[in-house]
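Encoded as C-alpha cells, the structure appears first; notes follow it.
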Amino acid sequence: MVRVHLAPADRLATATLIEGRLLHVRIFLKRTIDFLIVYQHAWNPCQGSQPLFQKRQQLWLALQNCLNHIPKAHYLIVLGDFNTVLRADPLFVGTEDPRRLPNVHKDSHVLQQILRSQDLISVNWKGGYQNTFSHGTHASRIDYILIRQPQVQYRRMKPLTNTQFERNFGISGPHHHPLLVTLPQWHAPQPAHFPLNRIDRFAMRHAYHAQLDQWVCFEDR
C-alpha cells in the first residue's frame, strides 16, 4: 500500500515473480525504489524434505536473479516472511537466538550467501536479538527487512518489533510481530568529476626541442 500523495498509480509497477511467494514493486520517484516482498515456504518436515527443499530453492533462485537485475542506484528494500533462521553475522545479520537449533533450516546458508553477494544487511537486528514470530512457547526471528549496506544510516533508523501484537490467534496462537522502521531518504553517491588539466603546448614543445638539441650535440661529438 502506497500513499497517493507519495506516488500516484501511474508511478507504480508490479511484477509477480512467483505467485503468492515473490512480488516485485517499483515506485518511480526522483530516486527509484524497488521493493521485493518475500514469503518463503515454511520448513515443515511433514511435507517431505526433498519436495519442500526444491520449492524453497526455487524461491531463493528467483530472488537472486531479480536482485542481479536491479540497478545499484535504486533504493532497494527486501522484506517479508523468509521462514528462515539466520546465523549470527556481525556485518549482515547481527546476533542470533542462543536457543536456536543449528539445523532447523538446512538451507539457511543460501539466504546468508544472498545477503553477502548483494551487500544486504538486516535492519531489524539493531538493538539486539528480537523475535518476529511466536507460537505458544516457541519464538524465533524469521522475518527481516533488508537493505543495501550503502543505504544504511543507523543513527536515523528506529526499528521496532511490536511483540504485543495479536491478530485472530490470541496470545498462544501463531502470529508474526509487525516490524516498524523509518528508513531515511538515500541518495546514491554521485561520480566524482575531475577537472581536465590544461596542456601547456608551448612548454611541451620547448622541452622537446631542448632534449632534441642535447641529442644532436651528443651525436656531433
Side-chain angles (χ1 to χ4, degrees), residues 1-3 6-7 12 14-15 17-18 20-27 29 31-42 56 59-60 62-64 66-68 70-97 100 105 108-134 139-165 167 174-188:
M1 296 179 286
V2 181
R3 290 182 180 271
L6 175 65
L12 299 176
T14 62
L17 306 180
I18 299 180
R21 296 291 175 178
L22 185 58
L23 176 67
H24 183 189
V25 179
R26 176 166 289 179
I27 307 177
L29 301 174
R31 173 72 61 193
T32 302
I33 303 176
D34 283 289
F35 285 91
L36 287 178
I37 305 168
V38 179
Y39 179 34
Q40 178 58 284
H41 295 270
R56 287 172 62 94
L59 191 144
W60 294 143
L63 176 61
Q64 178 72 66
C66 184
L67 289 170
N68 289 338
I70 295 179
K72 296 294 185 182
H74 289 194
Y75 202 139
L76 174 63
I77 303 173
V78 187
L79 72 166
D81 180 2
F82 292 81
N83 269 311
T84 304
V85 175
L86 293 175
R87 294 181 179 274
D89 189 325
L91 295 179
F92 301 95
V93 181
T95 57
E96 68 181 12
D97 185 355
R100 69 177 292 275
H105 305 108
S108 62
H109 66 281
V110 179
L111 178 56
Q112 298 211 222
Q113 182 58 38
I114 292 176
L115 266 62
R116 286 184 169 273
S117 64
Q118 298 294 331
D119 205 18
L120 295 172
I121 187 169
S122 171
V123 173
N124 54 300
W125 65 264
K126 181 184 177 184
Y129 182 87
Q130 290 181 321
N131 296 314
T132 64
F133 175 78
S134 299
S140 61
R141 182 181 60 183
I142 57 177
D143 309 278
Y144 303 95
I145 299 176
L146 310 174
I147 64 175
R148 287 179 175 140
Q149 285 219 49
Q151 301 169 191
V152 174
Q153 298 180 29
Y154 288 112
R155 293 181 180 179
R156 299 178 59 188
M157 289 184 182
K158 298 179 180 179
L160 174 65
T161 303
N162 187 356
T163 57
Q164 302 302 318
F165 179 75
R167 181 70 175 177
H175 59 274
H176 295 261
H177 308 304
L179 298 175
L180 308 176
V181 63
T182 300
L183 299 178
Q185 186 175 4
W186 174 72
H187 300 282

Between [atom1] of [X] and [atom2] of [Y], what distance do you get to the nearest 0.5 Å?
X	Y	atom1	atom2	value
Thr14	Leu23	OG1	CG	6.0 Å
Leu111	Asn83	CG	CG	11.0 Å
Leu86	Tyr144	CG	OH	3.5 Å
Leu6	Ile33	CG	CD1	6.5 Å

Worksheet item: Counting N and O atoms only, with roles assigned by atom type, does the side chain of Gln149 sit under 3.5 Å from a partner on the main chain of Ile121, one being a donor and the other an acceptor?
Response: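 Checking the backbone N and O of Ile121 against the side chain of Gln149, no donor-acceptor pair under 3.5 Å is found.
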
Practice prompt. State whether the side chain of Arg148 and the backbone N or O of Asp119 hold a donor-acceptor pair below 3.5 Å, judged by distance alone.
Written response: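 Side chain of Arg148 to backbone of Asp119, a donor-acceptor pair under 3.5 Å: no, none is there.
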
Worksheet item: Going through the checks in order, is the side chain to side chain contact (heavy atoms under 4.5 Å, CB included) test met by Leu67 and Leu76?
Response: CA-CA 9 Å; Leu67 289 170; Leu76 174 63; 3.6 Å; yes

Worksheet item: Are side-chain heavy atoms of Asp34 and His24 found at a separation under 4.5 Å?
Response: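 Side-chain contact under 4.5 Å: yes.
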
Discussion item. Among residues at least two apart in sequence or on other chains, which ones pass side-chain contact (heavy atoms from CB on, under 4.5 Å) with Ile18?
Written reply: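 With sequence neighbours excluded, Ile18 shows a side-chain contact (heavy atoms from CB on, under 4.5 Å) to Arg21, Leu22, Gln58, Leu59, Ala62, given in chain and number order.
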
Worksheet item: With sequence neighbours left out, what residues match Asp81 under salt bridge (charged side-chain N to carboxylate O under 4.0 Å, His left out)?
Response: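 Scan of Asp81 (salt bridge (charged side-chain N to carboxylate O under 4.0 Å, His left out), adjacent residues dropped) gives none.
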
Worksheet entry | By side-chain hydrogen bond (donor to acceptor under 3.5 Å, both in side chains) - contacts of Gln118 (at least two apart) |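 Scan of Gln118 (side-chain hydrogen bond (donor to acceptor under 3.5 Å, both in side chains), adjacent residues dropped) gives Asn68.
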
Worksheet item: Which heavy atom in Leu146 sits nearest to a heavy atom in Ser122, and how many Å separate them?
Response: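 It is CD2-CA, 3.6 Å.
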
